[in-house]
Every structure is written in C-alpha cells, then in structure tokens.
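Here the structure is a predicted model, which is why all the values come from computation and not from measurement. In what follows, every heavy atom counts, from backbone to side chain, and hydrogens, waters and symmetry copies are set aside. Naming convention: chains lettered A, B, ... in sequence-line order (proteins, then strands); numbering from 1 in each chain.
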Amino acid sequence: MEYTFREIENRWQKRWELYKIFKADNHSKKPKYYVLDMFPYPSGAGLHVGHPLGYIASDIYTRYKRSENYNVLHPIGFDAFGLPSEQYAIQTGQHPSLTTKVNIQRYKKQLKRLGLSFDWSREVCTSDPDYYRWTQWIFLQLYNSWYDISLKRARPINELISIFEKEGNLVIRSPEENRNKFTAKEWNSFPLSRKEEILQKYRLAFRSETTVNWCPHLGTVLANDEVIEGKSERGGYPVYQKKTIQWSIRITSYADRLLQGLENIDWPESIKEAQKQWIGKSFGLNLFFFVIDNPGTYIEIFTPRPETIFGVSFIVLAPEHELWEKITIKKQINEVKTYVEESKKRNDRERLTHATSGVFTGAYVAHPFTNERIPVYISDYVLNSYGTGAIMAVPAHNTRDHMFAKKYGLKIIEVISGGKDVYKKAYDIKKGECIHSDFLNGLSAEEALKKSIEKIEEKGLGYRTVNYRFRNAVFSRQRYWGEPIPIYYKKGVPFGIPEKKLPLLLPIVDKYMTTQEGKPPLGRATHWAWYEKKQKIVSNKLIDEKTIFPLETSTMPGWAGSSWYFLRYMNTDNDNSPIDTTSSSYWKNVDLYVGGKEHSTGHLIYSRFLHKFLKDFGWVSTEEPFKKLLNQGMVLEHSAMITRIEGTQRFISSGLIRNQEKTQQFYVDIHLLKNGDELDIDKFKKYHPEFSKAEFSIESGKFFCKRKIEKMSKSKFNVRNPDDIYEKYGADTLRIHEMFLGPLNQTKLWNTRGIKGAHQFLKKFWRLFHSRESFYVEESSPSIKELKILHCTIKKIREDIPNFSFNTSISALMIATNKLSEIQCKSRKILEPLVILLAPFAPHISEELWHRLNHKDFICFVPMPKCEKQYITDNIIEYPITFNGKLRFKMNFPIGTPQKFIKKEVLRHPETKKYLQGKKIKNTIIIQNKIINIVV
RNA sequence: GCCCAAAUGGCGUAAUGGGUAGACGCGCUGGACUCAAAAUCCAGUGGUCAUUGUGACCGUGCGGGUUCGAAUCCCGCUUUGGGCACCA
C-alpha cells in the first residue's frame, strides 16, 4: 500500500489544528517547559530552506518533552517592523502594514505546512498596535527609571527626585557623571528645564548628542551594519556622519549584571565569549600626571598596565579632551586648535586612517616616580569615550604608541624583557621580567602589576578603576516603520504620553521618506501634536506650546519589540499589562532558545538587559531570560555574480574579465542560471526589464557567472525555497532530511541529493506496517532478536534527543528499519514502540500509523518507550584481537571470562601463531569485555 | 592584529571518560523483477599493490610527542569559516 504523504500530512495538520492540541495551559500541575525559536522577520521572499533547520529541531525537542509529560509552551510570532517593508513602501507607496500582512500570511502557511507544533493561539506581531502599545509602555518605564548602583537595580525616577529634594546629589551613587554636585536647596531652586537636564543624566532612556550614519540619497539614517566602506549596503550611495540629538538606552548600567549572568546559563561558549568581549570589562588604574608650570592642573589617564609605568615617554589626549585649552602653550595654540577642529569633522572611519596623526601641545607633565619631563600630545588615536580620554603612552610595549613614537621621534623605553628589538617592534605580550623600572625591577610582569597598583594607591597617585568597552544603545531611528516614541515636548523638555493613552499609533503620512529639511518621515504627518489637557492627538497647526505640543518624530529600532516578545507569549490575552505576574511566575523563563549565531551580541544582549530591567520592577521572577541556548548552523548556497563595465550596459562573462576596465559586480538570482554557472540571458532580461537592451560579452557561446559559497540569504539572491520539496516529498521527508544533514550547530552547504534517502527511509518504515496491499501487524510475541533491535534503538534515541544529536537518532531509526525489514518483523509489540520513537521526527506518518494501529489518542502525548537492559546485554563478547594495535581477527568469549583463560585461548589460536611469525610477545593487554592487544 | 570554531572516502557524515576508523545516507558499479520505465530488492564500493581463494601495506589537514594502543590527549604549524577591532 502506497505511502500517500500528501493526504496523510494534510489530514493530521487539520486535526491538530481542529483539536488545538498544541495549545499550552497557563494553569497546569505538570512541570513547565518553554521552547522558543527566534521569531522570524517576514520578508517578501518567504521562508528558505535554512529557516526550518532550527524550527524542526526545536519542534522535535518540544514533541519529545510533551511525551515526557511536560506542559510545553512553544509559541511563534513575527518581528514585523523593519527596513525591507519600509523600503518597499518608499518604492511603491504601499503602506508597510499591507506588505507585512501579506508576508506574514505566506510565512504562516509555510510554517504550518512543516507540521511544527506551535501554539498559534499565542501568536504575536511586533507591528500590531496591541503589541507595540506595550513596547511603548516599556519605553516609558525606562524613561521613568534610574539605576541605583548601590542597590544594583533600577528604581522609579520619582524616588530619585525626592532624594534630590532632600539631599541633592551629594550622596547618591549613579553610573553617570556626578561631577556637578548640588545641594537640596540648589535643586529646589532650579527651573524645570534645568531639573530635566539633570534627570536626563540618570534616566534609563535619555536624550544625548550622537553621531548617525546619514544617507541623503536614500533619505534615511542607516545602522552600522548597513554601511559598507562608507557607502550604503543598498545601492552603494555615500553615507555621512551627522551629529544629532538621539534617544539612547542606558544599557551600560547593567554591564556587570550582564557579565555575571553569563556564569549561570547554558549557552555555547563562543556566544558567551562574544558577549564578554562586547562588554569588554577591563580592570586598571586611573593615574594622575601633574602638568609642569601649571600648578594644580593634572591629567587623569586610564591604563590596564600600570606595571609599565617606567616606560612612559609621552601622554596623549583625545581631541575632544577639554584640558588642551588650559595646558597648550602659546606657540602651539594655533596648530592645536586647527588639529582639534579638523578632527571634529572626521568620522570614525577617517579617524582610523589618521591614526598616527597628532599635534604637540608644548606642555609637559612630570613622571609620578622619576619626575622626568614627559611631553603631552593630542591625537585621533585616543578615544574620548573610553577610559578618561587620555593615555600614558608606552611605545616599547604597545603597538599604536610605538607607531606614534616612531613618527614623532619620541623615546622608546624597554621595561619588560622578552621582546626582540623594541626599537623595531613593540613587545605587547604581558610576560617577562621588569627592567629599567626602579622598585619593580626583577619582578615578573604579573607580580609587578600588583605591586605597582599597591604603590600608586599608597602614594595617592591614582586609584583602581573598571572600564567597559560597552556603549549605551542609540534608540531613535529616523524612519517610519517602527514604534513611535511616546514622547511630546514642552519647550524642548520631553514628557511621556500617559500610559492609558497608549498605543500612540503610527500616523498617516503622504510618503515614507525623510522630509527635505531632513526630518524623519513622521515629520510629514499633519496630525502629530499632543493636546495635553484633552489627552489626544491633534493637528500640528494647533501647536501653541501652551496646551498643544509637538510629538517626537523618531521611531524605535527593531530590537525594541524583539527584546521582550518571549514574555508576551506567556499571556497574550492580557489587556492590563504587558506581562501578568501569575503567568510569568509559572513560565518563568525560556528553557530552550533556538536560533542563529548572528544574534549573539545584538538581540541576545538587549533581551537580557530588558529582562533584568523588568525583573527589577517585579514583572518577572528570573534574572536571565534564556536558560539554554542552541545555535543552528547557517545554511550555505552558491550565489552567482555578474560583472558589468562601470557606467555602461555591457556585461562580461566571467572568463573574459580583465583588470583594465573598471567593473561593478551584481548578484543575480540563482534561479536565472542554467547548466551550472551559465546565465540564462533571456530569463535574466525578462526578470530585469531595465537590462533588456544590455549587451553581453560571451565566451564560446555562453555567458558565465562568478560563483561564491555564501550564507543563504535574500540579499545574496541564493535562496532555495522549501515549498518545492514538501510538494514533491512531503514535510516529514523534509524534516528527516534537514535533521540528517549533520549536527545541528554546524554550518552546512545545502544539497538536495540526500533527500531521496530520507524519503526512501519513510517509505520503508511505512512498508514495515503493511503486507502487500493492506495494513498488517501480528499480535504474536516478539523474538529476542526483535526485542534487541527495538531496545537498542530506544537507548540510542533516548540518549540522542537530550543531546540534540538528531542526525544520529535518525540513523538509528534507519538501522532499526533495515534490520526489522530484513527479518520481516510484523510484531505489534515491536512496531508500536517504534512509531512512538519516530513521532517527534516525522509526526504525520507516525500519527497515521498510530491511528491505523487502532489508537484513538494522538501520538504526540504518548510516553516514549523505556529501554530494558535485559534485551540489549549480550552474554558473549566478540573480542577484537589486535597486534600492536592492528586488528587481525576476532574471538568470542562469554561475558566475565577470566583474563587468564582468555590469554591462554588467544595464544593457543592458530591465527596468533601466524601473526607472530616467530617474534616474541612483549606484553598482552586484555581490557575486560572490550579488546585484546598483543605487543610483539 | 585579537578571540572562537572546524578539517575523516567521490559527497553529507559516524565513532572522543584513548580501545575494531568509515556506522547511516547519497552517489557510483553490477544483478533481479518489468515489454519498458518508475518503484522495490540483492551484491559491491577508502587508496595502492598483489591475487584462484586468501592477503599485504598505507590511510582521519601537516610535523613532532605521550601510550601496549591516538581521528580522539599534548606541543608546534597550515587552511577554511565566524566574531571583534584605534578600547590604551
């Protein structure tokens, strides 16, 4: 009887949906388990074969957990705000919500077709007002909070205000600068605007001046990863640095907790390492250098290597460092001024190329121990935002200092032995013995580090500090398709929209582009003013700065909505708050999170941050959002590129490209190729009407593309669609095939060659339950041999699933199927447990067979069979007999045979004599129940 | 430059508290069934040499080492992929 997968899969998908069997219950006596996939961005291209990799894996685990009697929450939703829809809107004028809706419909259809056991009743979509209402709410909570470093948690801003009213900021500790101290009396006398200015330095969502990537041609601000070599990724238009006031989130307040939290979560080491690096905590010392001839003036520097203090030969300030005005000598003032001014104009990338540029201030500082005169320079290579914006340069042991010293002819003093020739190359390894270092001489670098810190602190020349590379996150985007920031301004002072009035809906605009004056798209809205008394949105024309005020025109970044969605799934129907504590205290946090490595620093850090913030206010009970993290590997595919002579309509076949002409390369969709690397020119022209008149330089009658193996991605035009596969072979086959491709976390090149094997396996499995034309199983007792096959498989599967080793579980199922087919096993007592084992991997065929075995329940909830040892232990051990580690023959002995007897028997064996060939036996090693090695 | 991961047949891969390398699948070769095809089944399949059967030697990126025994452990490289990068 034929395996009619289309009909079978259709039937069970319908039944699962009809009976809502994957709906998770918020009130259950069963233990909870929360399995989550990183939710997809619904792009116009639909799912490609790389996406399901993680979804199938998490689904297998979900189904396994259900069968183990867990109450499993396995939801899905869509991260729908974002660039591509907006870009499409700019081009076509169609509202992005329409595009998004269509795309989501397509994704849902594709996901459902895979038989993934999601609880669809909890679906969320970040661009849905019912959802982004709470994203905006969270923003307001951040805005109305500050971080108390003594208590190590966020607190309401009102509490800070009352502290200020009672004691000013004289006592309070906050991570942001506290330099301008004020008393309670002073605070109370400040005008509102001054108060707010101060509060901005404490709020967790705050406004500050930052640099953005501005692309005038696209009329948008771009994220760093959308800028490649100073040009926009899309279209290659120039990008400029522009300074503007932006909303930021004070994520750095949580740096230590984000670092500490990594200790207790089960994540891949590489991701934890990436986050540690990203946070970049470094311990060191802030050290004072007093300026000569300028009493009371000192430069405070940061260094993690105080043991090199005797190697200092100059000091460098960042161009933004304020001190230069005070210390620069008259003769140098013009030169310094020019340098500082020009440096301000340079963006980060240009600064990089100016790494060795600099200017002498004419000032000198005194070395804290030797009193030697040390010159002070200003250079682009020192960043104002890290440490103190000033460094002590030790050219012998720091490469950049070395380059600078060489250029300006400054001294190079070797203080750590071990380098070859520090005049030629800096020795920046922290190993060696201190030399030319007074009281540190003879100590190892490690010992000297301790000693130098002690001595410096003792003498009051500096103090221990901690620095982070981690930066606060810029939060505003000058775009349309995102959550509006719920803020209005009274004479420039920001105020939050009342929580009850959320969501602040995206306004209607005529175009989705930035205005000509460079205002964000929301600046086009005609009704975008806040009538404070009546608490409603009114026409901009009514703005009077008394009762009606302008609204913020920036929107939120993609990560705003995607950093807390895992909490919303716990109670999607709650209209009173984003999370209700009853359900969040039941579901707690995500037990297993599956997704791509590319989110290792962005999404995963923002989510951890927001989760911690919400914990500070009691909305969640756990410190970390994701207990265990699993990365599915990328799927690669050959992409194709064609080359065009710049500025022309002439394309050149890959073999004909010469270096003389300036050329440009474009991706072409791999579906426009034929016979491997050849471009189907007719198809290409049809697909790209703009090139219908283009010329093609061909070689031997054909036009060849350049090929490259890259991550499968819409932007690289190398995506393969799963639709064709499940159309031809079914979802179960696709599931088996994708899991059989190799270990889950490994990068793999997509191939469809193996798919036939997966399909053949399922057909063979199906035949186990059939005899000629009909379903057939026997009720007789199974043989020992059959039981052994079954229980070995149970053992393997039960070991493999918790290890996410699905490729080997499938191979175990294949082995069992082959063996049972061979001995023509038809026993229900064998086949029934076998279907249960297959069910998490290929759920449709398993449900069908389960049903045909006369069961009325769903196989999804049937417990996995248990392995019974008696069936798998052998009485006889087949010992491999090796000579010097090389296998020669095998011998059988009953289990537990004494070694002496084994040795005697092995040495007596005629084969042994043959392999000895008169040589003497040096040693005989017998490993009980395993192996025998004879050393000759 | 720094950090992380990986390297095994024609291909995807399996075997790591050191113990029979190549399970399972694809592909390929030959055969059975068929008028034929598809489907299915059976046999073979790391390399070299030799062979009637049997067999011998070499083989897990490269070079060393530890061990009775190494794909697995240690030291030194090479290559590929990923992340970070004026962070003092």
Asker: Go through the side-chain N and O atoms of A:S357 and A:Y339 and say whether any donor and acceptor fall under 3.5 Å apart.
Answerer: yes

Asker: Does the gap between the ring centers of A:H737 and A:W750 come in under 6.0 Å?
Answerer: yes

Asker: Report yes or no: do A:T808 and A:D800 form a side-chain donor-acceptor pair below 3.5 Å?
Answerer: yes

Asker: Name the closest nucleotide to the A:I931 side chain, picking from B:A21, B:A88, B:G19.
Answerer: B:G19

Asker: Within 45° of the six-membered ring axis of A:W559 and under 6.0 Å from that ring's centre, is NZ or CZ of A:R608 located there?
Answerer: no

Asker: Could you tell me whether A:N807 contacts a base, only the sugar-phosphate backbone, or nothing, with contacts defined as non-hydrogen atoms closer than 4.0 Å?
Answerer: sugar-phosphate

Asker: Could you check whether A:P268 gets within reach of a base, just the sugar-phosphate, or nothing at all, counting any heavy atom under 4.0 Å?
Answerer: nothing

Asker: Measuring from the side chain of A:N933 (C-beta onward, heavy atoms only), which nucleotide among B:G19, B:C24, B:C86 has the closest atom?
Answerer: B:G19

Asker: What is the nucleic acid contact for A:K763, judged by heavy atoms within less than 4.0 Å: base, sugar-phosphate only, or nothing?
Answerer: sugar-phosphate

Asker: Go through B:A88, B:G25, B:C84 for me and flag the one nearest to the A:S282 side chain.
Answerer: B:A88

Asker: Tell me whether B:G9 sits syn or anti, counting syn as a glycosidic angle within 90° of 0.
Answerer: syn

Asker: Counting side-chain heavy atoms from CB outward, which of B:A88, B:C84, B:C86 is closest to A:Y381?
Answerer: B:C86

Asker: Once you apply a heavy-atom cut-off of 4.0 Å, does A:L741 come out as touching a base, just sugar-phosphate, or nothing?
Answerer: sugar-phosphate

Asker: State the pairing partner of B:G30; accept Watson-Crick or G-U wobble contacts with both distances under 3.5 Å, and report none otherwise.
Answerer: B:C42

Asker: Of the nucleotides B:U13, B:G19, B:C84, which has the atom closest to the A:I927 side chain?
Answerer: B:G19

